[in-house]
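Okay, so here's the structure we're looking at.
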Amino acid sequence: MTRPIVAGECIILLDTADDKEFFLTLREKGQINLHKGKILHSEIIGKCEGSLITSSKSHPFLVFRPTLYQLIMHMKRDTQIIYPKDLALILLYADIHPGCTVLEAGTGSGALTLALLRGVGPCGKVISYEIREEFVKRAKRNISLYYGNSPNLEIKLRDIYEGIDEKKMDRVILDIPEPWRLVNDVAGCLRLGGVFVSYLPTIIQVKSLVETLRADRRFVSIRVLESFIRDWNVDGLSVRPFHRMVAHTGFLTLATQGEAP
Ligand code: SAH
């Protein structure tokens, strides 16, 4: 479906010479000043995705709506975020599906929340706990940039270590420093057959979590994994991996809840 771009939308301007991306929100009277010339927002408003725009210095740019990946990489963040390579794994390994109910903490800048909202769809629900008000505001701004209103999202300004209200959730996903403190609460919050995922930056944290999950005896299929993505340079005879890559983000710990034997 091609729908003209309107004021208020965020867009990606792509420099066709080097694939450099510029992320901006369009205003009726706005303008963007780049090394390669100036572009009035009014020249973009009304165009469809993929249209060519020419700057005041006659340089060509293409205009696109951001993909979720692009939004997450360009949006403002006040916290570490979960990167797309890990978000992609969480969506499939935690089996996030339309209609699913997910309990999340902490909301942070909203990167995981954005991915979860897409996965659960309008019939699902995401409930997200965040202890710091400024991060709640940041996440809400990022989420509304992409989805506008999200009636299927509830953000609670709460310390999750003080307890979880929700019961019979399909999935619980934690990106907080000490998830082992919540293993009993997670078991009370998940339905039987529900999936728990934790994202942790260090393996020492993972060890504490896995040992607590095992001791609880209600969690099975406990699995720890990490992911690497290596981009490749394909240019003439230079067909090889890029020299640089993201070497470490975090570890995923997955577990499914069943009745204790
Ligand atoms: N997953 C997020 C990033 C989360 S960063 C994203 O992808 O954008 C970790 C967040 O957990 C921080 O915002 C921090 O304030 C929050 N947090 C830490 N301890 C918490 C607690 N006890 N209860 C709720 N939120 C907590």
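In listed order, ligands and their atoms are each counted from 1. From a predicted model like this one, the values you see are computed outputs, not experimental measurements.
Contacts of A105 with ligand 1, taken as heavy-atom pairs under 4.0 Å, are absent altogether. Counting heavy atoms under 4.0 Å from ligand 1, residue T113 does not touch it at all. Neither the backbone nor the side chain of R77 comes within contact range of ligand 1; no heavy atom lies under 4.0 Å.
Residue contacts with ligand 1: A111 is placed with a nitrogen or oxygen under 3.5 Å of a nitrogen or oxygen of the ligand (distance criterion only). Distances between N or O atoms of I176 and those of ligand 1 include no value under 3.5 Å. By the 3.5 Å distance cut-off applied to N or O atoms, R132 is not counted among the residues near ligand 1. For ligand 1, the polar-atom distance check against P177 finds no nitrogen or oxygen pair separated by under 3.5 Å.
Using a cutoff of 4.0 Å between basic side-chain nitrogens and carboxylate oxygens, R65 and E9 are scored as salt-bridged. With salt bridges taken as basic N to acidic carboxylate O contacts below 4.0 Å, one links E211 and K207. Salt-bridge formation is detected for the pair D95/R171: a Lys NZ or Arg NE/NH1/NH2 atom is positioned less than 4.0 Å from an Asp or Glu carboxylate oxygen. By the 4.0 Å N-to-carboxylate-O rule, E178 lies close enough to R181 to be salt-bridged with it.
For E166 (side chain) and C189 (main-chain N/O), no donor-acceptor pair under 3.5 Å exists by modelled atom type. Without hydrogens or angle criteria, E226 side chain to F251 main chain gives no donor-acceptor distance under 3.5 Å. At least one donor-acceptor pair under 3.5 Å links the side chain of H41 to the backbone N or O of R27.
Under a 4.0 angstrom heavy-atom cut-off, D78 registers as lying outside contact with ligand 1. Using a non-hydrogen distance threshold of 4.0 Å, G110 registers as a contact of ligand 1. In this structure, E162 does not count as a contact residue of ligand 1, since none of its heavy atoms falls inside 4.0 Å of the ligand.
Closest to atom 11 (O) of ligand 1, if we only count protein heavy atoms, is G106 CA, 3.5 Å. Among all protein heavy atoms, the one lying closest to atom 5 (S) of ligand 1 is Q80 O, 3.8 Å. Of the protein's non-hydrogen atoms, the one nearest atom 23 (N) of ligand 1 is I160 N, 3.0 Å. In terms of protein heavy-atom proximity, atom 25 (N) of ligand 1 is nearest to I131 N, 3.2 Å. At the shortest separation from atom 14 (C) of ligand 1 among protein heavy atoms lies E130 OE2, 3.5 Å.
Taking every heavy atom of S109 and a limit of under 4.0 angstrom, the matching atoms of ligand 1 come to 8 (O). Within ligand 1, the atoms closer than 4.0 Å to a non-hydrogen atom of R158 are 23 (N), 24 (C), numbered from 1 in the order shown. Listed by number with element, the atoms of ligand 1 under 4.0 Å from a non-hydrogen atom of I81 are 6 (C), 7 (O), 8 (O).
Among pairs with a residue in residues 184-201, those fulfilling side-chain hydrogen bond (donor to acceptor under 3.5 Å, both in side chains) read D170-R191, N184-R218, at least two apart in sequence or across chains.
Counting heavy-atom neighbours within 6.0 Å of E259 CD, excluding the residue itself, gives a total of 12 or less.
Proximity of L153 to Y147: side-chain heavy atoms (C-beta onward) are nowhere separated by under 4.5 Å.
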- Message: Test side chain to side chain donor-acceptor pair (under 3.5 Å) on K85 and S227; report intermediate values, then the result.
- Response: CA-CA 7 Å; K85 75 180 182 70; S227 71; 3.1 Å; yes

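Between F22 and F61, the angle of the ring planes goes over 60°, which puts this pair in the perpendicular group of the 30/60° scheme.
One option in I90, L87, D159, D175 has a heavy atom closer to atom 21 (C) of ligand 1 than any other, and that option is D159.
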